[in-house]
Engineer: 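Dumping the structure here so I can ask a few things about it.
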Amino acid sequence: MPSLRCTAVKCVYNKDQLCSKGDIQVGGDHAGKSVETACESFRERTGVTNSTGTGYEKIEIGCTACTCDYNKNKVCHAGAVDIHGAEACKSKDTCCGTFKPKK
């Protein structure tokens with residue numbers, strides 16, 4: 001499983017830039033670059049709701065961005081993954097910063 005760092009601090013699952021969900025899904029069926037991907041597991045933190053649980057450093061990442069070099073059978077096999085979205089309020093405002101197009 002890849003290690004994960006996530007800057008989407010407005011996500012209910014973000015715990016100190018780690019994910020407390022346990023697994024995530026990255027979308028981007030026809031992505032050609034990083035900004036065409038998104039963390040589909042993103043859920044906006046609303047009101048006073050804090051993140052839940054403990055953040056995991058290693059996490060299973062499902063991925064529909066089959067054009068990414070790290071995607072093997074819709075599972076991410078990168079050593080480390082960065083999810084970007086410091087100002088994200090919706091899933092589409094995030095992206096996988098580790099996306100690498102297949103050659």
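A quick note: this is a predicted structure, and the numbers were derived from the prediction, not measured. In what follows, every heavy atom counts, from backbone to side chain, and hydrogens, waters and symmetry copies are set aside.
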Engineer: So how far is it from R45 CZ to C11 SG, rounded to the nearest 0.5 Å?
Structural biologist: 7.5 Å
Engineer: Show the nearest heavy-atom pair for residues A8 and T94, with the distance to one decimal.
Structural biologist: CB-CG2, 4.2 Å
Engineer: Can you measure from CZ (R5) to CG (N14) and round to the nearest 0.5 angstrom?
Structural biologist: 10.5 Å
Engineer: With side-chain hydrogen bond (donor to acceptor under 3.5 Å, both in side chains) as the rule and sequence neighbours excluded, what pairs involving residues 23-37 come up?
Structural biologist: K21-D23, D29-T64
Engineer: Can you list every pair that meets salt bridge (Lys or Arg N to Asp or Glu O under 4.0 Å) and has a residue in residues 57-79, with sequence neighbours left out?
Structural biologist: D69-K100
Engineer: Could you measure the distance from the CG atom of N71 to the CD1 atom of I61? Nearest 0.5 Å is fine.
Structural biologist: 11.0 Å
Engineer: Can you list, pair by pair, the side-chain donor-acceptor contacts under 3.5 Å of residues 76-93, counting residues two or more places apart and other chains?
Structural biologist:
{"residue": "S91", "atom": "OG", "partner": "C39", "partner atom": "O", "Å": "2.6"}
{"residue": "D93", "atom": "OD2", "partner": "C89", "partner atom": "N", "Å": "3.3"}
{"residue": "D93", "atom": "OD2", "partner": "K90", "partner atom": "N", "Å": "3.2"}

Engineer: If you group Ile, Leu, Val, Met, Phe, Trp and Tyr whenever their side-chain heavy atoms sit less than 4.5 Å apart, what else falls in with Y56?
Structural biologist: none
Engineer: Do the non-hydrogen side-chain atoms of V35 and F99 ever get within less than 4.5 Å of each other?
Structural biologist: no
Engineer: Using 0.5 Å steps for rounding, measure from the SG atom of C63 to the CG atom of N73.
Structural biologist: 12.0 Å
Engineer: Is the shortest heavy-atom distance from the side chain of L18 to the side chain of C6 under 4.5 Å?
Structural biologist: no
Engineer: Output yes when a side-chain donor or acceptor of S20 lies under 3.5 Å from a complementary backbone atom of Y13, and no otherwise.
Structural biologist: yes
